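Heavy-atom basis, side chains included; hydrogens, waters and symmetry copies ignored. The sequence lines fix the lettering, A, B, ..., with proteins before strands; numbering per chain opens at 1. Here the structure is a predicted model, which means the values were calculated and not measured.
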Protein chains: 2
Amino acid sequence: MLDDRKKRILQAIVDEYVNTAEPVSSGSISKKKGLDFSSATIRNEMSELEKSGYLEKTHTSSGRVPSAKGYRMYVDELLKEDNISLDEIKFIKEKLQTKVNQIEDLMKIATNTLSEVTHYTTVAIGPKVTKQIIQEIKFVLLGNRMLMAVILTNTGMVRETIINFEEDIYEDQIQTINVLFNSKLKGKPFDSINEPLEDFIFTEMESSANMIKTIIEQLNKVIYEESKLYLEGTNKSFELPELEKAETAKNFINILENKAEVVDLLDNEISKDISVYIGDELDDENLKDFSIITLKGEGKGMGTIGIIGPKRMNYSKVISVMRYIQKLIDEGGL
Amino acid sequence: MLDDRKKRILQAIVDEYVNTAEPVSSGSISKKKGLDFSSATIRNEMSELEKSGYLEKTHTSSGRVPSAKGYRMYVDELLKEDNISLDEIKFIKEKLQTKVNQIEDLMKIATNTLSEVTHYTTVAIGPKVTKQIIQEIKFVLLGNRMLMAVILTNTGMVRETIINFEEDIYEDQIQTINVLFNSKLKGKPFDSINEPLEDFIFTEMESSANMIKTIIEQLNKVIYEESKLYLEGTNKSFELPELEKAETAKNFINILENKAEVVDLLDNEISKDISVYIGDELDDENLKDFSIITLKGEGKGMGTIGIIGPKRMNYSKVISVMRYIQKLIDEGGL
DNA sequence: TTTAGCACTCAAAGAGAAAGACTGCTAAAA
DNA sequence: TTTTAGCAGTCTTTCTCTTTGAGTGCTAAA
């Protein structure tokens, strides 16, 4: 589709624009080494790149800015994935080696690290619990009327929830419940909590029937409760020239404020390990001037981490860093 | 100090400025009912109010704006505390009646409600655990090497933490530990965890000595871990004309991003139930254009809720709403 | 196919000029 | 003694006009 020289010029334009945030002129590109043509030649090429939709102008006599299509081409075909320095590697490694008690704590560290290294705002949601396998479920009596249910899943994740009762609870009831829930749920996915209980339970355990119902209700809440949200480096985005425009800044705040939307964003997409969404590819008015890159860690008890940056984000750096973090997590032992 | 008319004029000016965010002219005040003097008279009074430091001008021929001293006078002496409508009362009541399993969940609801009703950004931190009395402490074995400690305090708060071990743990060890920690801690404040253990423990329970050490370490982390932070209505602040100035917006973001500082703000001040901090009274460069009003709920298992708004915040409305929420919480049963 | 050169376009920045919202002050009125 | 009308003076805001400079597109020559 695009010949080699056009690709190289497009690449140079995106790289330049990522750095400067200013429309790129033919002159500045012709000065780059590796592209030793006069500005007039570059100008002709740029004009054609614009006709094919890879570049845009802000006004008749301005330089060029990459279009969404241009960024897409850059991300899919032109981007180099080794944009990470030795210092950064060292920094990331050290941070991710921090000892944690729960795998979810690692999410927090990874989110923070990603934001520190890339200087963009990072959002993450914890892993979804629904499809995880229950390894063990225990009940703890607190006081006389408060019960805590603690559930351990196959990925090593722990979920706990508190259930209040109107009447006193007795130790032998807890025994019964312990046996019941473990036999019912052990080895099954979290959402099998809703499978109907056999009838005999309600006849044989009549005295605890209400209690069992209440517990199931509350466990359901745990399944569908909002995922934990991690957010790092909001202020970093406010250093961007893009956010000097009040409207863009407002859009950005709206994105972050609307937690449900952020969760959807990171969660619902049928994304691969690393995915890039550019501008309005995500069909959200607030996001039209931003891009999102997500890293999925599901299955390893990690959730999804996302970076929100301007459309002219440093895709190369972000993806390189994400790949490296992914590699460290995969190697495990962390 | 200030005669009655001056006070009424100052009050009118603050009220007007809170509404419009524009410097207030003598003309606009003389039109207000209850102040039937000519603009010239008002002008003379305003000039004197400025000399005494209650008002400021933005330039020679501009209207007047309240100074920090002016706001302080307004808050301390002129403010009416019944600025709350029946609709608002109904709305708040309904929200706060939501059934919750933990008292801390009520914090979240209160924070959200406060932001909804006042249209300002609201921050809250959970109650401090340090001085609370331990009512019960239980240990739950998860898998073979993971232990969860669950602590119930006198305010009904529950704290849990996970501790990982390098070696397998046996049920009888848990028994021992249960007895030990309960006899040591029951009825004592949370931070007494650090009181030294009697020597005999380490001789008699030699096999578990390491385990006990690890547990104490981890419980210490729970005490001093960052308080939970609730944040609502960030985007509401971005509707303020004040935040159209890029610098003010940046300051605002910095305040919110710097979690440690927010915690200090809400926590360390020797504030009463409701306290008002105006502009640079808090000696923080970022806060110089903002005011903070805090509501302390400590002791009832609630933490501290704070509203961050512009200096020309609607003190009257915010305080009225806070008082009402405080009343509802005090009446308890919630 | 590439490039030099030049006309043309448009945004950004600055310089006046005009309008309008205030104040402060003075002198008269209450 | 207190209040007020009236007016000069100040400063911001807004508008228009001009200048500057960074770009492009096109043509004709290399």
For this session: Identify, with sequence neighbours excluded, every residue that meets ring pair (Phe, Tyr, Trp, His ring centres under 6.0 Å) alongside Y74(B).
Result: none

For this session: Report yes if at least one side-chain N or O of K57(A) is closer than 4.0 Å to OP1 or OP2 of dA22(D); otherwise report no.
Result: no

Exercise. With sequence neighbours excluded, what pairs up with E56(A) under the salt bridge (Lys or Arg N to Asp or Glu O under 4.0 Å) test?
Worked result: none

For this session: With sequence neighbours left out, write down each residue that passes salt bridge (Lys or Arg N to Asp or Glu O under 4.0 Å) with E50(A), or none if nothing qualifies.
Result: R64(A)

Seminar exercise, completed: R323(B) meets the salt bridge (Lys or Arg N to Asp or Glu O under 4.0 Å) criterion, sequence neighbours left out, with E81(B), D273(B)

Seminar exercise, completed: Across all chains, not counting sequence neighbours, the salt bridge (Lys or Arg N to Asp or Glu O under 4.0 Å) partners of D87(B) are none

Exercise. Using a cut-off of less than 4.0 Å, is there contact between a side-chain N or O of S26(A) and OP1 or OP2 of dG23(D)?
Worked result: no

Problem set entry | ring pair (Phe, Tyr, Trp, His ring centres under 6.0 Å) contacts in which one or both residues fall within residues 5-60 of chain A, not counting sequence neighbours | none

Exercise. Who pairs with Y71(B) by ring pair (Phe, Tyr, Trp, His ring centres under 6.0 Å), at least two apart in sequence or on another chain?
Worked result: Y315(B)

Problem set entry | By side chain to side chain contact (heavy atoms under 4.5 Å, CB included) - contacts of L229(B) (at least two apart) | V123(B), I125(B), K259(B), V262(B), V263(B)

Kindly give the atom pairs (protein nitrogen or oxygen, nucleotide nitrogen or oxygen) under 3.5 Å for nucleotides 11-15 of chain D.
from	atom 1	to	atom 2	distance (Å)
dC11(D)	OP1	T60(B)	OG1	2.9
dC11(D)	O5'	T60(B)	OG1	3.3
dC11(D)	O4'	S61(B)	OG	3.4

Exercise. Taking OP1 and OP2 of dT24(D), is either one under 4.0 Å from a side-chain nitrogen or oxygen of S25(A)?
Worked result: no

Exercise. Which letters describe nucleotides 1-6 of chain D, given B = protein heavy atom under 4.0 Å from base, S = only from sugar-phosphate, - = neither?
Worked result: --SBBB

Exercise. Using the C1' atoms of five pairs at each end, what's the angle between the two axes of the helix from dT1(C)-dA30(D) to dA30(C)-dT1(D), to 10 degrees?
Worked result: 20°

Problem set entry | All ring pair (Phe, Tyr, Trp, His ring centres under 6.0 Å) counterparts of F252(A), not counting sequence neighbours | F238(A), F290(A)

